[in-house]
Amino acid sequence: MFEGSDLSVLDFQAMSDEGLIDALRTAHGASAAAQAAEVFAVRELYRRHRAVSAEPGPGGVRAGEFAATEAAVALQVDEGSAAAMIDVGLALEDWLPRTRAEFAAGRIDLAKVRVIVDNTRAVARDVLGELEPRLLEAAERTTAVRLRQAARRWVARLDPAGAQRRRERREDDRDVRIRAVQDSMAVFDGLLPAPGAQTVAMRLREMSLAVCAADPRTMPQRRADALVALADGSGRLRCACGRGARCPKGEVTGDAPRRPLIQIGIPADTLLGMRDAPAFLAGYGPIDAALARILAEHARFQVIPEQPDDAVTRAPRLDREVRALDGMCRFPGCTIPAAESELDQSGGATVLCARHQRLKTLADNKKVPWETWPADPDRLQWTTPSGEIHTTSREGARYLFPHKDIDVPISTNAASPPIPAIDPPDDIAYPFRGHVLVHRQLSRITPEDEIPNDAITPAINTA
């Protein structure tokens, strides 16, 4: 339908309004067809991996487990998005042939395909034959949000007997996620059974109302602080009125907050206030120097010495130094913090999360067609099964020793205006935020979902 079209060379300024609308529709259809091609390609890659890579038993390869890894590295996306593409592709092949054809033709886009997949995952197959055509008809004349509302209504009417079955299957998808956004903030998101979610909501509200009327925080701010209070073990929201013993709610007691294990890398001169280089919060990324110094007031310190560039005179690094310098897993694109990762000593000490440590071990044992080797003491190279080479560097070292961060751009304007923070609702190219996997065999593809070996115990700060 869109083969050979090159919309970038069109003269949009010379078009009429009607011409621009037609160009918009054509461009959107071409984008949808391109999305379909990506989904079908990564699904086929997964099918081939499943056919050749399975090796049951301890130390073996789970069928197709690294197909999403290879696709993610090639596309420079996270493994969760690659797994979601596989999941959608399998669903289209398994039970949605009409949707697959419409998607391939560019008549519906990936966001709407996701809605259809999500709302037909647990529908009885005899109902699906009537439901799918109606969903496709609605998809061509409404938005993804309205399509989801209509799909939920139609599913409830056409398959009322399946309500309990759908609920029980959906309860298996419960999960919580954290996603980094700008300015040292993060989004905490979750999918919970409705009673559990309401329990959390009411507990947060109860805690938010346990402060005095002079507390200056808004209700949303109180709820956010209450959630952290639940997690740090104190179990109560301390009033922020600032009146001390005169606060009428000051007598409310709670446990002392536990000190969680978070790791922050900060240059010594920034810690001392001599400069304001960014610090590194493991698992998140850069935070501003002022916030790092606030967190440092209650921290324990580990000094990471700088070593000479000459490899001959370098001393072997201690384990804690390797974790601090690497900062996070050394697989391309992985952001699992070093504190939650394993130390790999083969070919030079480096940090890898449980999933990518497993990949490297299998590669070293020639059970998967990946290769890894240290290009130098600070760079680790990965070769994919297709022969692409990707190199990772020590992320933590960029912050601990900023004078060695050769990739940083040089500012030419010391008074640049602030850029407003924008949190887009979803990745435009890969709208998979909140996608719940239909196919259970994909559930351990993302690094954060890999269950470490029983012998591995996460580090706990008991101070």
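Values reported hereafter were calculated over all heavy atoms of this structure, with side chains retained and with hydrogens, waters and symmetry mates removed.
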Quick one: do T361 and D364 satisfy side chain to side chain donor-acceptor pair (under 3.5 Å)? Show the steps, please. CA-CA 5 Å; T361 300; D364 292 344; 5.6 Å; no

Please evaluate residues E65 and H49 with respect to the criterion side chain to side chain donor-acceptor pair (under 3.5 Å), reporting the C-alpha separation (whole Å), side-chain torsions for both, the decisive distance (0.1 Å), and the verdict. CA-CA 8 Å; E65 67 172 313; H49 274 244; over 6 Å; no

Residues H356, E342; criterion side chain to side chain donor-acceptor pair (under 3.5 Å); working and verdict: CA-CA 9 Å; H356 298 127; E342 306 169 24; over 6 Å; no

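Scanning all heavy atoms of the two residues, the minimum distance from A296 to L271 falls at CB-CD1, 3.7 Å. Here the closest heavy-atom approach between residue I108 and residue F103 is recorded as O-CD1, 3.4 Å. In this structure, A67 and L45 approach most closely via the heavy-atom pair O-CD2, 3.7 Å. Here the shortest heavy-atom pairing between I178 and A186 reads CG2-CB, 3.9 Å. Considering every non-hydrogen atom in both S208 and A226, the closest pair reads OG-CB, 4.4 Å. What you find for L135 and A151 is that their closest heavy atoms are CD2-CB, 3.6 Å.
A salt bridge does not link R323 with D319: none of the charged nitrogens is closer than 4.0 Å to a carboxylate oxygen. Using a 4.0 Å cut-off between charged side-chain N and carboxylate O, R238 and D215 make no salt bridge. Salt bridge annotation for E44-R48: present, with a cationic side-chain nitrogen under 4.0 angstrom from a carboxylate oxygen. Salt-bridge check for R47 with E93: failed, with every basic side-chain N at 4.0 Å or more from each acidic carboxylate O. In this structure, D173 pairs ionically with R121, as a charged nitrogen and a carboxylate oxygen lie closer than 4.0 Å. Between D376 and R379 there is a salt bridge, with a side-chain nitrogen of the basic residue lying less than 4.0 Å from a carboxylate oxygen of the acidic one. Remark: D225 engages R217 in a salt bridge, criterion side-chain N to carboxylate O under 4.0 Å. Residues D172 and R170 are not paired through a salt bridge, judged by the lack of any N-O separation under 4.0 Å between the basic side chain and the carboxylate.
Counting only distance, with no hydrogens or angles, the side chain of Y284 and the backbone of S184 share a donor-acceptor pair below 3.5 Å. In terms of modelled atom types and a separation under 3.5 Å, the side chain of K112 and the main chain of A144 share no donor-acceptor contact. Between the side chain of T199 and the backbone N or O of P195 there is at least one donor-acceptor pair closer than 3.5 Å. Proximity of a side-chain donor or acceptor of R174 to a complementary backbone N or O of E171 within less than 3.5 Å is detected. In this structure, the side chain of D118 does not engage the main chain of R114 through any donor-acceptor pair within 3.5 Å. In this structure, the side chain of T270 engages the main chain of A277 through a donor-acceptor pair within 3.5 Å. Checking side-chain atoms of R43 against main-chain N and O of D87 turns up no donor-acceptor pair under 3.5 Å. A donor-acceptor distance shorter than 3.5 angstrom exists from the side chain of T384 to the backbone of E388, with no hydrogens or angles considered. T120 places no side-chain N or O within donor-acceptor distance of the main-chain N or O of V123, the cut-off being under 3.5 Å. In terms of modelled atom types and a separation under 3.5 Å, the side chain of N365 and the main chain of K367 share no donor-acceptor contact.
Between W370 and F331, the ring-plane angle classifies as tilted under the 30° and 60° cut-offs.
Crowding of M274 atom CE: a count of heavy atoms from other residues, nucleotides or ligands under 6.0 Å not exceeding 12.
Counting heavy atoms from C-beta outward, C334 and M328 have side chains that stay 4.5 Å or more apart. Put simply, the side chain of E321 reaches to within 4.5 Å of the side chain of P305, judged on heavy atoms. A 4.5 Å side-chain heavy-atom check between I336 and S341 finds at least one atom pair inside the cut-off. By the 4.5 Å heavy-atom criterion applied to side chains, T372 and L359 are not counted as neighbours. At least one side-chain heavy atom of S386 sits less than 4.5 Å from a side-chain heavy atom of E70. Counting only heavy atoms from C-beta outward, the side chains of L75 and E38 approach each other to under 4.5 Å. Considering only heavy atoms from C-beta on, E102 stays 4.5 Å or farther from V113 through its side chain. With a 4.5 Å cut-off on side-chain heavy atoms, I287 and F280 do not count as touching.
Between atom CE of residue M207 and atom CG of residue L227 there is a gap of 8.5 Å, rounded to the nearest 0.5 Å. Here the straight-line distance linking atom CZ of F40 with atom CE of M85 works out to 12.5 Å at 0.5 Å rounding. Atoms NE2 and CH2, from H390 and W382 in turn, are 11.5 Å apart once rounded to the nearest 0.5 Å. Expressed to the nearest 0.5 Å, how far OG1 of T392 lies from CG of L380 amounts to 4.5 Å. Here the CD1 atom belonging to I266 is positioned 9.5 Å from the CG atom belonging to L291, to the nearest 0.5 angstrom. Distance check: Q35 CD to L110 CG gives 4.5 Å after rounding to the nearest 0.5 Å.
Applying the salt bridge (charged side-chain N to carboxylate O under 4.0 Å, His left out) definition to pairs two or more places apart or across chains, those involving residues 327-339 are D326-R330.
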